[in-house]
Amino acid sequence: MSTLDLSALKAVVTGGASGIGLATARLLAERGAQVAVLDLDPSGAPAPLLGFTADVSDDASVRAAVGQAAEALGGLDILVNNAGIGAAGTVEDNPDEQWHRVLDVNVLGIVRTTRAALPHLRNSEHAAIVNTCSIAATAGLPQRALYSASKGAVLSLTLAMAADHVREGIRVNCVNPGTVDTPWVGRLLDAAPDPAAERAALNGRQPTGRLVAAEEVAAAIAYLASPAAGSTTGTALAVDGGMAGLRLRPESR
Ligand SMILES: NC(=O)c1ccc[n+]([C@@H]2O[C@H](COP(=O)([O-])OP(=O)(O)OC[C@H]3O[C@@H](n4cnc5c(N)ncnc54)[C@H](O)[C@@H]3O)[C@@H](O)[C@H]2O)c1
């Protein structure tokens with residue numbers, strides 16, 4: 001098989017019924033993997049994707065769904081920890097309950113799913129975990145204190161997990177998307193006083209001048225999950241239109 005080919009590999013994608021997760025589940029399946037989607041509402045993930053209802057903030061639900069998915073697939077090689085939720089505001093704005101909720105989903109969600117998947121991943125010849133992190137882990141964005149704290153934790157957790165499991169043959173990496181054109185961002189734009197102006201501002205924040213496509217993030221995740229990335233572990237791959245690394249002068253008119 002070519003090293004980007006995923007035939008015979010079995011994958012679980014959390015938050016796989018929408019946006020980046022759905023694009024990833026589709027691409028992994030297109031490359032030959034058998035894919036199970038774990039989501040609060042898996043109905044958005046059509047066949048051949050297998051759907052399992054799971055809430056990553058509930059340990060029993062995660063253990064049950066990962067067990068059922070591994071059984072249905074006949075093992076597990078790839079885990080994509082993608083489920084996540086957002087929060088807007090400065091450090092003054094979000095109540096403690098919201099801090100607990102967002103950290104519970106975005107950080108502990110990865111802990112719970114990985115914990116349940118590790119016994120299966122240890123039996124794989126090509127075990128890989130990819131976490132969906134964010135540009136918010138590495139750049140200070142306004143009005144994103146809680147969300148950024150959660151994604152900073154995801155970045156550090158990715159490195160720690162990569163160190164802990166490298167000698168078991170399990171690679172762990174993350175992707176750091178910029179602003180991606182998904183239903184999530186659509187909801188944010190719909191809620192803005194002037195959605196067109198808000199979209200223009202988000203486009204303009206990225207050096208490429210446009211939002212990232214969910215399929216572009218999926219391509220990075222599929223690469224990191226594939227045997228082609230066999231020597232890559234403990235890295236964060238930016239898929240952000242140049243936002244993290246470039247410093248452009250304003251466009252001259
Ligand atoms: N859209 C962006 O601009 C962007 C940028 C950087 C990172 N991300 C990250 O990408 C990931 C996916 O975002 P998206 O834009 O595709 O969002 P989305 O809202 O389109 O999809 C998220 C999916 O996760 C599921 N989900 C939410 N909470 C869950 C829970 N508790 N248990 C199980 N499933 C749950 C939802 O049902 C949904 O299907 C998130 O981790 C997000 O932080 C998004």
Side-chain angles (χ1 to χ4, degrees), residues 12-27 36-46 49 51-66 69 79-88 98 100-113 116 130-139 141 143-144 146-155 157-158 174-191 198-199 201-203 205-206 210-218 220-221 236-241 243-244:
V12 160
V13 181
T14 71
S18 173
I20 294 168
L22 178 57
T24 301
R26 282 192 166 129
L27 182 58
V37 157
L38 269 52
D39 203 292
L40 291 174
D41 175 9
S43 64
L49 307 175
F52 295 90
T53 303
D55 177 351
V56 298
S57 69
D58 179 88
D59 196 47
S61 136
V62 168
R63 283 185 190 279
V66 169
L79 171 63
V80 181
N81 283 311
N82 166 78
I85 55 175
Q98 196 182 3
H100 287 302
R101 176 70 192 155
V102 173
L103 293 171
D104 198 15
V105 173
N106 291 6
V107 186
L108 276 81
I110 293 180
V111 174
R112 293 186 186 99
T113 319
V130 186
N131 299 326
T132 306
C133 189
S134 171
I135 177 77
T138 57
L141 305 179
Q143 293 287 326
R144 289 292 180 275
L146 165 50
Y147 181 69
S148 302
S150 79
K151 292 300 183 175
V154 170
L155 179 60
L157 180 60
T158 300
C174 67
V175 289
N176 286 4
T179 307
V180 188
D181 205 352
T182 66
W184 166 334
V185 168
R187 290 189 294 271
L188 285 178
L189 291 176
D190 289 346
E198 181 64 11
R199 180 176 279 274
L202 291 177
N203 284 339
R205 192 166 67 170
Q206 300 193 154
R210 64 167 177 86
L211 298 190
V212 176
E215 290 71 20
E216 293 171 321
V217 184
I221 294 173
L237 179 51
V239 190
D240 62 1
M243 201 174 154

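If you're wondering where the values come from, they're calculated on a predicted model, not measured in any experiment. As the structure lists them, so they are numbered: ligands from 1, and atoms in each ligand from 1.
Of all atoms in ligand 1, numbered sequentially from 1 with element shown, those under 4.0 Å from a heavy atom of Ala54 are 32 (N), 33 (C). Residue Ser134 approaches ligand 1 through these ligand atoms, each under 4.0 Å from one of its heavy atoms: 6 (C), 7 (C). Listed by number with element, the atoms of ligand 1 under 4.0 angstrom from any heavy atom of Asp55 are 30 (C), 31 (N), 32 (N). Set against the non-hydrogen atoms of Val185, the atoms of ligand 1 under 4.0 Å away are 1 (N), 2 (C), 3 (O). Ligand 1 places these atoms under 4.0 Å from at least one heavy atom of Gly19: 16 (O), 20 (O). For ligand 1 and Thr132, the ligand atoms under 4.0 Å from any heavy atom of the residue are 9 (C), 10 (O), 11 (C). Which parts of ligand 1 touch Tyr147 is read off a 4.0 Å heavy-atom cut-off, strictly below it: atoms 6 (C), 7 (C), 8 (N), 9 (C), 42 (C), 43 (O). Heavy-atom contacts of Ala83 reach the following atoms of ligand 1: 34 (N), 35 (C), 41 (O) (cutoff under 4.0 Å).
Taking each heavy atom of Ala17 and Val37 in turn, the nearest pair found is N-CG1, 3.8 Å. Taking both residues in full, the closest heavy atoms of Pro177 and Thr132 are given as CG-CG2, 4.2 Å, listed atom of the first, atom of the second, then distance. Here the closest heavy-atom approach between residue Thr53 and residue Leu40 is recorded as CG2-O, 3.6 Å. Considering all non-hydrogen atoms of both residues, Pro46 and Arg26 come closest at CG-NH2, 4.0 Å. Val107 and Ser150 get closest at one heavy-atom pair: CG2-O, 3.5 Å. Nearest approach of Leu49 to Ala25, heavy atoms of both residues: CD2-O, 3.5 Å.
Qualifying side chain to side chain donor-acceptor pair (under 3.5 Å) partners for Thr113, counting only residues two or more places apart in sequence or in other chains: none. With sequence neighbours excluded, no residue forms a salt bridge (Lys or Arg N to Asp or Glu O under 4.0 Å) with Asp58.
At least one side-chain heavy atom of Leu141 sits less than 4.5 Å from a side-chain heavy atom of Met243.
Counting only heavy atoms of the protein, atom 40 (C) of ligand 1 lies nearest to Asn82 O, 3.3 Å. Among protein heavy atoms, the minimum distance from atom 19 (O) of ligand 1 is reached at Arg187 NH2, 2.9 Å. Protein heavy atom nearest atom 7 (C) of ligand 1, with residue, atom name and distance: Cys133 O, 3.2 Å. For atom 2 (C) of ligand 1, the closest non-hydrogen atom on the protein side is Val180 N, 3.5 Å. Protein heavy atom nearest atom 13 (O) of ligand 1, with residue, atom name and distance: Trp184 CE3, 3.5 Å. In this structure, the protein non-hydrogen atom closest to atom 18 (P) of ligand 1 is Ser18 OG, 3.6 Å. Counting protein heavy atoms only, atom 44 (C) of ligand 1 is closest to Ile20 CD1, 3.8 Å. The protein heavy-atom contact nearest to atom 24 (O) of ligand 1 is Gly15 CA, 3.3 Å.
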CA sep, side-chain torsions, deciding dist, call: Arg210, Glu216, salt bridge (charged side-chain N to carboxylate O under 4.0 Å, His left out) = CA-CA 12 Å; Arg210 64 167 177 86; Glu216 293 171 321; 2.8 Å; yes
Decide salt bridge (charged side-chain N to carboxylate O under 4.0 Å, His left out) for Arg112 and Asp55; before the verdict, give the C-alpha distance in whole Å, the side-chain angles of both, and the deciding distance to 0.1 Å.
-> CA-CA 10 Å; Arg112 293 186 186 99; Asp55 177 351; over 6 Å; no
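Contact analysis leaves Gly16 out of contact with ligand 1, as no non-hydrogen atom separation drops below 4.0 angstrom. Under the 4.0 angstrom criterion for non-hydrogen atoms, Gly178 is in contact with ligand 1.
Side chain of Asn82 to backbone of Thr14: a donor-acceptor contact under 3.5 angstrom is found. For the pair Asp240 (side chain) and Ile135 (backbone), a donor-acceptor distance under 3.5 Å is absent.
Comparing heavy-atom distances from atom 38 (C) of ligand 1 across Asp41, Thr24, Asp39, Leu22 singles out Asp39 as nearest. Which of Val37, Thr14, Leu40, Ile110 comes nearest to atom 29 (C) of ligand 1 through a heavy atom is settled by distance: it is Leu40.
At a 4.0 Å heavy-atom cut-off, ligand 1 does not touch Asn176 at all.
At least one N or O atom of Val56, backbone or side chain, sits closer than 3.5 Å to an N or O atom of ligand 1. Close N/O approach between Thr179 and ligand 1 is not found [any backbone or side-chain N/O within under 3.5 Å].
Checked by atom type, the side-chain pair Asn131/Thr158 shows a donor-acceptor distance below 3.5 Å.
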